[in-house]
Amino acid sequence: RKRLAHDNLRHSDWGMVGWAWAEAQVAWHRLPLDRQGEHADILNELRDSMDTAFADWITARYGALASLPPISGPVIGHQVPAYLQRHIKAPDKKVALIVMDGMAMDQWVLLQHLLETASPGYAFQRNAMFAWLPTLTSVSRQALFSGLKPREFSDTIETTAQESTQWSRFWQDQGLRANEVLYRKGIKRTDQLDDLDAAVANPSIQVAGIVVDTVDEIVHGAVLGKRGIATQITSWCESGFVDRLFALLLDKGFHVYLTADHGNVEAVGQGRPNQGAAPELRGERVRTYRSETLATESAVSNANTYRLDIAGLPANFMPLFASGRGAFVQQGEQVVAHGGISVEELLVPFVKVSYVS
């Protein structure tokens, strides 16, 4: 609350707000349901104040983030590969990037707490960074692996099919050979780790990019909100997947970094938009258009929406966002979604994982 009272917040201040809110959410979901009622008004008031301040800040400042230097860590998603590149200057250094698709900061906080209890040999150095807007996988995750701003991959902005090629191309441009770069996606089960282990054991591999889909699948199947997601993530962590993933990379000498392409937020349906103007991409919190006429028509036709000009997006890629914590689903339906502008969707963890020395 004290940080939100300041008028001139910096991007790093919002990172601290994001971590504080994440810790508060983890504590909140651990409370018995019969005790949440006595604290609900305070939490909701704080959330509303945060949402309003963040929306105003994003409108005024988001466009400048891409020009800020990644000193202690990336500021925004597309800076990740260049930041990692600084850490493999020596021939004996290898880097692995784990992208937990769709994982919000509160879900990482939960995982970290669980790991610190079950596997106390790990150390976590955590920062926060901004995802690319709109917080859709084809935009934000593609920026992460390509090292490019979304306007620089306009032709593929609606698909993730080129991620492997873009990841390899970035590292080849830095002087690595194609056989020194690994990309794997769709990793979600413990029984897949043997194949991944064998792949990263190849002595030629210097850089590995790994997409873990489990959290995103849990989120999109959620019927009990973030509380239910927390229960499922706890079970997943107890399976040993995350522990083994970290160990198989660290034991082979990789410097391991973990991040997410976007987070997720609890939202309430405000009705499905009138789609007389058909969007190119449909997200539960955003619609995107390739035509100014169609974008304007849809904005005028649908209440509780707003537009935001975002530097770094293709000129002909225009998002229409659901206002507040609304979602483009049936009126009153409660969902956990992404695509929009909130601390929980737009701020994501960037964590260096190592063994305790």
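We count residues from 1, following the sequence as given.
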Check: Do Gln107 and Asn264 meet the criterion of a side-chain donor-acceptor pair at a distance under 3.5 Å?
Finding: yes

Check: Is any NZ, NE, NH1 or NH2 atom of the basic residue among Glu152 and Lys149 found under 4.0 Å from an Asp or Glu carboxylate oxygen of the other?
Finding: no

Check: Would Lys185 and Asp213 pass as an ion pair if we require N to O under 4.0 Å?
Finding: no

Check: So does Gln330 have more than 12 non-hydrogen atoms from other groups sitting under 6.0 Å from CD?
Finding: no

Next item on the list: Could you tell me how the ring of Phe54 sits relative to the ring of Trp57: parallel (under 30°), tilted (30 to 60°) or perpendicular (over 60°)?
Entry: parallel

Next item on the list: Take Lys188 and Asp216 through the salt bridge (charged side-chain N to carboxylate O under 4.0 Å, His left out) test and state the conclusion after the steps.
Entry: CA-CA 10 Å; Lys188 63 192 76 171; Asp216 197 55; over 6 Å; no

Note to self: Let's go through Glu284 and Arg272 carefully: what are the C-alpha distance in whole Å and the side-chain angles of both, what is the deciding distance for salt bridge (charged side-chain N to carboxylate O under 4.0 Å, His left out) to 0.1 Å, and is it a yes or a no?
What the structure shows: CA-CA 9 Å; Glu284 291 172 317; Arg272 301 185 188 279; over 6 Å; no

Check: Looking at NE2 of His262 and CG of Leu144, how far apart are the two atoms once the value is rounded to the nearest 0.5 Å?
Finding: 10.0 Å

Next item on the list: Test Ile229 against Val336 for side chain to side chain contact (heavy atoms under 4.5 Å, CB included), laying out the working first.
Entry: CA-CA 9 Å; Ile229 290 170; Val336 181; 3.8 Å; yes

Notebook entry, point to check: Atom OG1 of Thr190 and atom CG of Asp243: how far apart are they, to the nearest 0.5 Å?
Noted result: 10.5 Å

Notebook entry, point to check: Who passes side chain to side chain donor-acceptor pair (under 3.5 Å) against Asp48, sequence neighbours left out?
Noted result: none

Under 3.5 Å, which donor-acceptor pairs do the side chains of residues 196-203 form with other protein atoms, sequence neighbours left out?
residue: Asp197; atom: OD1; partner: Lys252; partner atom: NZ; Å: 2.4
residue: Asn202; atom: OD1; partner: Ser204; partner atom: N; Å: 2.9
residue: Asn202; atom: OD1; partner: Ser204; partner atom: OG; Å: 2.8

Next item on the list: Answer yes when Glu23 and Arg126 have at least one side-chain N-carboxylate O distance shorter than 4.0 Å, and no when they do not.
Entry: yes

Notebook entry, point to check: Would Phe145 and Trp171 count as a close aromatic pair, with their ring centres under 6.0 Å?
Noted result: no

Check: Cut-off 3.5 Å, side chains only: do Tyr122 and Glu116 have a donor facing an acceptor?
Finding: no

Check: Is any side-chain N of the basic residue among Arg307 and Glu292 closer than 4.0 Å to the acidic one's carboxylate O?
Finding: yes

Checklist line | Same cluster (ILVMFWY, side-chain, under 4.5 Å), Val286 and Val335 | finding: no

Notebook entry, point to check: Which distance, rounded to the nearest 0.5 Å, do you find between the OH of Tyr257 and the NZ of Lys352?
Noted result: 4.5 Å

Check: Does the side chain to side chain donor-acceptor pair (under 3.5 Å) test come out yes or no for Gln112 and Trp108, once each step is laid out?
Finding: CA-CA 6 Å; Gln112 182 177 332; Trp108 167 251; 3.0 Å; yes

Margin query: Under a plain distance cut-off of 3.5 Å, with no hydrogens placed, do Tyr355 and Asp251 share a side-chain donor-acceptor pair?
Written below: yes

Next item on the list: Kindly compute the distance separating OG1 (Thr305) from CZ (Phe321), expressed to the nearest 0.5 Å.
Entry: 11.0 Å

Next item on the list: Would you please say whether a donor-acceptor pair under 3.5 Å links the side chains of Gln142 and Thr156?
Entry: yes

Next item on the list: Tell me, yes or no, whether the heavy-atom count around Gln232 atom CD, taken from other residues, nucleotides or ligands under 6.0 Å, exceeds 12.
Entry: yes

Check: Once you round to the nearest 0.5 Å, how far does CD1 of Ile233 lie from NE2 of His29?
Finding: 10.0 Å

Item checked: Geometric class of the Tyr83/Phe350 ring pair [parallel <30°, tilted 30-60°, perpendicular >60°] -> perpendicular

Checklist line | Pro319 and Leu133, any side-chain heavy atoms less than 4.5 Å apart | finding: no

Item checked: Verdict with reasoning, Ser291 to Asn316, per side chain to side chain contact (heavy atoms under 4.5 Å, CB included) -> CA-CA 6 Å; Ser291 159; Asn316 63 344; over 6 Å; no

Notebook entry, point to check: Out of curiosity, Asp173 CG to Gln85 CD, how far, rounded to the nearest 0.5 Å?
Noted result: 10.5 Å

Note to self: Quick check on Asp309: does its CG atom have over 12 non-hydrogen neighbours (other residues, nucleotides or ligands) under 6.0 Å away?
What the structure shows: no

Next item on the list: Take Val75 and Gln79, measure what side chain to side chain contact (heavy atoms under 4.5 Å, CB included) needs, and give me the verdict at the end.
Entry: CA-CA 7 Å; Val75 176; Gln79 296 178 343; 3.4 Å; yes

Check: Of all heavy-atom pairs between Val17 and Met50, which one has the smallest distance, and what is that distance?
Finding: CG1-SD, 4.0 Å

All N/O donor-acceptor pairs, side-chain side in residues 340-349, below 3.5 Å, sequence neighbours left out:
residue: Ser342; atom: OG; partner: Glu344; partner atom: N; Å: 3.4
residue: Ser342; atom: OG; partner: Glu345; partner atom: N; Å: 3.2
residue: Ser342; atom: OG; partner: Glu345; partner atom: OE1; Å: 2.7
residue: Glu344; atom: OE1; partner: Gln25; partner atom: NE2; Å: 3.0
residue: Glu344; atom: OE1; partner: Lys226; partner atom: NZ; Å: 3.1
residue: Glu344; atom: OE2; partner: Trp21; partner atom: NE1; Å: 2.9
residue: Glu344; atom: OE2; partner: Arg325; partner atom: NH1; Å: 2.9
residue: Glu344; atom: OE2; partner: Arg325; partner atom: NH2; Å: 2.7
residue: Glu345; atom: OE1; partner: Arg285; partner atom: NE; Å: 3.4
residue: Glu345; atom: OE1; partner: Arg285; partner atom: NH2; Å: 2.8
residue: Glu345; atom: OE1; partner: Ser342; partner atom: N; Å: 3.4
residue: Glu345; atom: OE2; partner: Arg285; partner atom: NE; Å: 3.2
residue: Glu345; atom: OE2; partner: Gly339; partner atom: N; Å: 3.2
residue: Glu345; atom: OE2; partner: Gly340; partner atom: N; Å: 2.8

Check: Do the side chains of Asp194 and Arg244 get nearer than 4.5 Å, heavy atoms only?
Finding: yes

Next item on the list: Answer with yes or no whether the side chains of Gln172 and Ser168 bring together a donor and an acceptor at under 3.5 Å.
Entry: yes

Item checked: Single-linkage hydrophobic cluster Leu136~Met318, side-chain heavy atoms < 4.5 angstrom -> no

Next item on the list: List the steps, then state whether side chain to side chain contact (heavy atoms under 4.5 Å, CB included) holds for Phe246 with Phe241.
Entry: CA-CA 9 Å; Phe246 290 165; Phe241 176 97; over 6 Å; no

